[in-house]
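Below is one structure; the comments refer to it alone.
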There are 2 protein chains.
Amino acid sequence: MSIPSASKISARPTVRRKPLNRATISDQIYAQLCLSLASGELAPGERLSIRKVAATLGVSMMPVREAITRLIVDNALEILPNKAVRVPIMTTEIFRELTSVRIHIEGFAAEQAAIHRTDEELDLIKEQEVAFRDAVTSSNPSKIEALRANKNLHFIIYRASHLPTLLRITEMLWLRVGPIINLDLDSSVVQGAKTALAQHARLVHAIQTRDAATARDALAADLLGTANFVLESTRLRENNLPLPLSDFGH
Amino acid sequence: MSIPSASKISARPTVRRKPLNRATISDQIYAQLCLSLASGELAPGERLSIRKVAATLGVSMMPVREAITRLIVDNALEILPNKAVRVPIMTTEIFRELTSVRIHIEGFAAEQAAIHRTDEELDLIKEQEVAFRDAVTSSNPSKIEALRANKNLHFIIYRASHLPTLLRITEMLWLRVGPIINLDLDSSVVQGAKTALAQHARLVHAIQTRDAATARDALAADLLGTANFVLESTRLRENNLPLPLSDFGH
DNA sequence: CACTGATTAGTGTGATCACAGTGAGGCTAT
DNA sequence: ATAGCCTCACTGTGATCACACTAATCAGTG
């Protein structure tokens, strides 16, 4: 990821630079790990070593440590009783629980978005909906492009709820499902996207007409659809065995 | 809080001690800060210095640093553009937003608790309900005892939803409202508890009879009641002015 | 050959130091 | 007296080291 060794600002001639909002190295590592998590690059069950991640990314232990701590707090990573850190393994039971919570909370967000959205936000939503449609119905459908557009669509909606607390919670939830949905939904995402397309259309239309109940229902159906798709093509563990022992942790 | 300088286990004679689950110093600091936050000891707007907290608690910077990082992640503390850390100031706007989210999410938790609760959990819930009633209707009502029982009651219910994700979210939410409700609800908590008592009774009865809808409604009414109470005896800032300038963070 | 034992590499946690950036207080020059 | 500059105390961030604990390797013995 090439961290610029330091922010070497030698001399500021006339203008007084204000490096206030500069991103911390820890922030960069955090963002990087989030990406690796969301892309499935970090597989469930895989162990993380602070030192190794630090060496890989070319930084010291400290920023990695802090980034991992953050990820543990929002349940994107878990810490075993040995104090070892790994990306949580998702059982079907946990996945079901997570999905039901997501349906309720993100459905609520969609409902509020239908109520509080501005016209500008509606435009952005429509924009992302066609982006998703294009990515899926294209002649050579791009899986990663579709997932990106799907995520954008959802989060523009959640942001349009104008409830920052809710937005934060949905971010946490997506961080947890990320490793799963990106894992083995190869080109088959196109097949599963049939119902997604329909529900997205319903969803956007409901948000446009400020129909909160329908917006909630459409989003719930969308989530449920992809969740069932994951449950079928299941790479999930049926029950949480004491140890996976299948990790390639070094 | 008196941290034992270190876990000095000199020699373990015959039994092989397994100090696996031992609480980290960081954990202890985190718990301590949570308490200070929930008790209102750390007032909104107050600034936190890693070194000063470390010196006060008699530890080095590191555990404090990690504990504060965790609290920032779940929005119990906020980090200003100056990188300064303070406990967030709560505006009426933010409080309203937070309350609406809480009503929805914690209402959902109550609903699920009514469905999934075991008989043992029901007993615990009843137990905490009479504890709260006792604390409030006592001849010399104890504010801190009432608040403790109230929190216990709520979280036993949330735990009884058997949705760990939901439990985690409610913990985050309570961490944010903690500094407010404990701030200036002195003996007046008894007055405001009138409606709380009624709703608690409804809530517990609904959970007993597995009436999810009523459970949700009762909990929503409970939350709304205390929220309105806070909004009236308001110590909240009307709008988020650039700086409070009233902190004693020297 | 199988099993226990010690040694070693590797882990997360905590402490300490270095550094750049920030803000306030006091000084000087106008 | 006031505006501007400088100094200094203090901040969070990052790096490095020390330590206790864990897991796995390899040696020794049955």
Side-chain angles (χ1 to χ4, degrees), chain A residues 3-12 16-30 46-72 77-86 242-245 247-250, chain B residues 3-12 16-30 46-73 77-86 242-243 245 247-250:
Chain A
I3 310 253
S5 60
S7 64
K8 278 267 193 173
I9 303 176
S10 53
R12 16 194 157 74
R16 179 138 184 93
R17 291 277 299 280
K18 307 195 73 175
L20 284 181
N21 298 339
R22 92 178 195 282
T24 298
I25 295 187
S26 170
D27 292 332
Q28 304 176 34
I29 310 283
Y30 177 79
E46 184 167 353
R47 286 228 246 290
L48 281 184
S49 155
I50 297 182
R51 285 178 176 82
K52 280 168 187 164
V53 174
T56 302
L57 272 53
V59 296
S60 90
M61 287 175 53
M62 279 300 315
V64 177
R65 209 170 141 173
E66 193 168 312
I68 288 184
T69 297
R70 291 199 231 170
L71 287 168
I72 291 176
L77 292 178
E78 78 181 350
I79 175 170
L80 303 178
N82 327 334
K83 304 289 181 184
V85 175
R86 74 170 182 195
L243 269 186
L245 290 179
D247 56 65
F248 48 102
H250 69 274
Chain B
I3 309 253
S5 59
S7 63
K8 278 266 195 175
I9 303 176
S10 53
R12 14 196 158 72
R16 179 132 185 99
R17 290 276 301 279
K18 306 195 73 176
L20 282 181
N21 298 339
R22 94 176 193 285
T24 297
I25 295 187
S26 171
D27 292 332
Q28 303 176 34
I29 309 282
Y30 177 79
E46 185 168 353
R47 288 231 240 300
L48 282 183
S49 155
I50 297 181
R51 285 177 176 83
K52 281 168 187 164
V53 174
T56 302
L57 270 52
V59 296
S60 89
M61 287 175 53
M62 278 301 314
V64 178
R65 210 170 139 173
E66 193 167 313
I68 288 185
T69 298
R70 291 199 232 172
L71 287 168
I72 291 177
V73 172
L77 292 178
E78 76 181 351
I79 175 170
L80 303 178
N82 327 334
K83 304 289 181 184
V85 176
R86 74 171 181 195
L243 270 185
L245 290 180
D247 56 65
F248 48 101
H250 72 274

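In what follows, every heavy atom counts, from backbone to side chain, and hydrogens, waters and symmetry copies are set aside. Residue numbers start from 1 in every chain, and the chains themselves are labelled A, B, ... in the order their sequence lines are given, proteins ahead of strands.
- Across C:dT11, D:dT13, C:dT13, the shortest atom-to-atom separation from the side chain of A:Ile79 is found for C:dT13.
- In this structure, CD1 in B:Ile29 is found 11.0 Å from CG in B:Leu71, a value given to the nearest 0.5 Å.
- For the pair A:Arg47 CZ and D:dT22 P, the interatomic distance rounds to 14 Å; values are reported in whole Å.
- Looking at residues 60-68 of chain A, you'll see A:Met61, A:Arg65 sit with a heavy atom under 4.0 Å from some atom of DNA chain C.
- Taking CG from A:Leu77 and OG1 from A:Thr69, the interatomic distance works out to 10.0 Å, rounded to the nearest 0.5 Å.
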Kindly list each side-chain donor-acceptor pair under 3.5 angstrom involving residues 57-66 of chain A, sequence neighbours excluded, with atom names and distances?
{"residue": "A:Ser60", "atom": "OG", "partner": "A:Met62", "partner atom": "N", "Å": "3.3"}

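- Rounded to an integer number of Å, the gap from OH of A:Tyr30 to C1' of D:dT13 is 18 Å.
- Heavy atoms of B:Leu48 sit under 4.0 angstrom from primed sugar atoms or phosphate atoms, though from no base atom.
- Taking only distance into account, the side chain of B:Arg51 meets the base of D:dG12 through a donor-acceptor pair shorter than 3.5 Å.
- Atoms CZ (B:Arg70) and C1' (C:dG12) sit 13 Å apart, rounded to a whole Å.
- Residue A:Glu78 holds its CD atom at 9.5 Å from CD1 of A:Ile72, rounded to the nearest 0.5 Å.
- Remark: B:Arg70 pairs with B:Ser26, B:Asp27 by the side chain to side chain donor-acceptor pair (under 3.5 Å) rule, at least two apart or across chains.
- Atoms NZ (A:Lys83) and C1' (C:dG10) sit 17 Å apart, rounded to a whole Å.
- Atom pair B:Leu77:CG and D:dG12:P shows a separation of 11 Å (rounding to whole Å applied).
- In this structure, A:Asn82 does not reach the C:dG12 phosphate: none of its side-chain N or O atoms is under 4.0 Å from OP1 or OP2.
- Between the CD1 atom of B:Ile29 and the C1' atom of C:dA15 there is a distance of 13 Å, given to the nearest Å.
- Within the 4.0 Å cut-off from OP1 or OP2 of C:dG10, not a single side-chain nitrogen or oxygen of A:Lys52 is found.
- For the pair A:Leu80 CG and C:dG10 C1', the interatomic distance rounds to 16 Å; values are reported in whole Å.
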